[in-house]
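When reading the values below, keep in mind they use all heavy atoms of this one structure, side chains included, and skip hydrogens, waters and symmetry mates.
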Amino acid sequence: MNYHFHCPKAFRSARSYNFLINLAIRHAAFGTAMRLLLAMREELIPPNMETWKLIVRWLVRTGRWDEAQVRVSHITRRLLGRQPETSNQTYPHTIPLPLWLELFGSQKRGALRYYDRRRPSVTVRREKCSLQGSTGINLRPCPPHISPAVAVFRYQVLMRALPLLTSEIHPRVILILSRTMIGTGHRELAYSMISSYLKNLPSRIRPSHRRTILSIVHLHMCTLPIKQGTFTSLCPTPHPL
């Protein structure tokens, strides 16, 4: 990052900033990601769709899902040429697909910490000395999982704002939707969607899609009860990857 800022301003662009912001979020350096976004704004570098996608990912990973939803709504109205409104209502079929998929993310484990008021015992205190630091404050990482009621609510909100899907659906869309459906109790719907997708796979698969499609197959086999001959009937003629 130091090399990036030592270069002349003419060599810094949205593409270079997006690359660094993506690395910062991947390594849970959320403060660094925020400083990069602020520096990008100060240099008057216009964001693109990749930048907006990373902003939404940064908000979701830091536990600010509601704020991420509002940001997606504002970006959508901006792309459509509409004026920002006070309500958070999102028009159906208008959200860009990359932003919609980012809202299915979850908080990064250890991104947020809370103060534990309980006094730790002598045995546990030695194990937590690295977390307490020199101040002696007992900090614990917030759990990344949300309650089932919140998960169902978010799923319903996102499905009401389902964007228009093209004829060739990216396998990442199927993978994310399947995980969310299974997590919210819609196993039969996930089974039907995966079955239909696997049956309609082309004879040749793109190299960039192979790993994601294999993850879909693993998800299908590990989470749903498969009877004898059920899975093989999905792909009667196996195609070489």
Side-chain angles (χ1 to χ4, degrees), residues 17-37 40 47-76 79 88 90 92-114 141-165 169-187 189-190 193-194 197 208-209 211-216 218-220 222-223:
Y17 270 104
N18 292 340
F19 176 78
L20 294 176
I21 295 170
N22 186 20
L23 287 179
I25 297 176
R26 183 183 304 176
H27 295 281
F30 300 115
T32 302
M34 181 183 64
R35 289 192 292 271
L36 288 168
L37 290 170
M40 186 177 179
N48 52 22
M49 181 58 67
E50 183 68 19
T51 309
W52 291 330
K53 185 178 73 173
L54 292 173
I55 292 175
V56 175
R57 183 182 305 174
W58 171 64
L59 292 172
V60 172
R61 294 287 181 88
T62 53
R64 293 179 287 176
W65 191 89
D66 295 333
E67 186 177 347
Q69 183 193 9
V70 174
R71 181 64 62 92
V72 169
S73 179
H74 289 171
I75 294 173
T76 303
L79 294 175
N88 298 335
T90 304
H93 311 306
T94 57
I95 296 181
L97 182 60
L99 302 183
W100 185 73
L101 292 177
E102 292 295 336
L103 291 175
F104 283 95
S106 60
Q107 177 184 319
K108 178 72 174 180
R109 179 177 179 85
L112 303 176
R113 296 179 181 273
Y114 70 96
C142 295
H145 303 290
I146 58 178
S147 63
V150 175
V152 172
F153 171 75
R154 293 181 181 179
Y155 171 77
Q156 293 175 350
V157 169
L158 293 175
M159 294 309 294
R160 284 198 298 266
L162 180 69
L164 290 176
L165 301 178
I169 302 178
H170 195 282
R172 183 169 176 264
V173 179
I174 303 298
L175 180 62
I176 293 177
L177 287 179
S178 301
R179 287 174 176 172
T180 306
M181 289 177 181
I182 294 172
T184 54
H186 299 81
R187 289 178 173 266
L189 184 59
M193 182 180 63
I194 295 178
Y197 178 76
S208 58
H209 293 176
R211 185 180 297 273
T212 307
I213 293 176
L214 191 59
S215 299
I216 295 174
H218 291 165
L219 178 67
H220 194 56
C222 295
T223 58

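Atoms CZ and CZ, on R57 and F30 in that order, are 10.5 Å from each other to the nearest 0.5 Å. Of the inter-residue distances, the one linking E102 atom CD with L59 atom CG reads 10.5 Å to the nearest 0.5 angstrom. How far OG1 of T212 is from NE2 of H170: 6.0 Å, rounded to the nearest 0.5 Å. For the atom pair CD (Q69) and CG (L158), the distance works out to 7.5 Å, reported to the nearest 0.5 Å. If you take CG on L36 and CG on L23, they are separated by 9.5 Å, rounding to the nearest 0.5 Å. Taken to the nearest 0.5 Å, the OG1 atom of T76 stands 9.5 Å off from the CH2 atom of W52.
No donor-acceptor pair closer than 3.5 Å links the side chain of H27 to the backbone N or O of A29.
The two residues I25 and L54 have their closest heavy-atom pair at CD1-O, 3.4 Å. Taking all atoms of both residues into account, the shortest heavy-atom contact from P47 to M40 is CA-CE, 3.9 Å. The two residues A68 and V60 have their closest heavy-atom pair at CB-CG2, 3.8 Å. In terms of heavy atoms, S178 sits closest to A190 at O-CB, 4.1 Å. What you find for W100 and F104 is that their closest heavy atoms are O-CD1, 3.4 Å.
You'll find the side chain of L79 reaches within 4.5 Å of the side chain of M49, heavy atoms only. Put simply, the side chain of I55 reaches to within 4.5 Å of the side chain of T51, judged on heavy atoms.
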Run L37 and W58 through side chain to side chain contact (heavy atoms under 4.5 Å, CB included) and show every step you take.
CA-CA 10 Å; L37 290 170; W58 171 64; 4.0 Å; yes
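Environment of CZ in R71: sparse, with no more than 12 heavy atoms of neighbouring residues, nucleotides or ligands closer than 6.0 Å.
When the options L177, I182, L175 are evaluated for a side chain to side chain contact (heavy atoms under 4.5 Å, CB included) with R179, the one that passes is L175.
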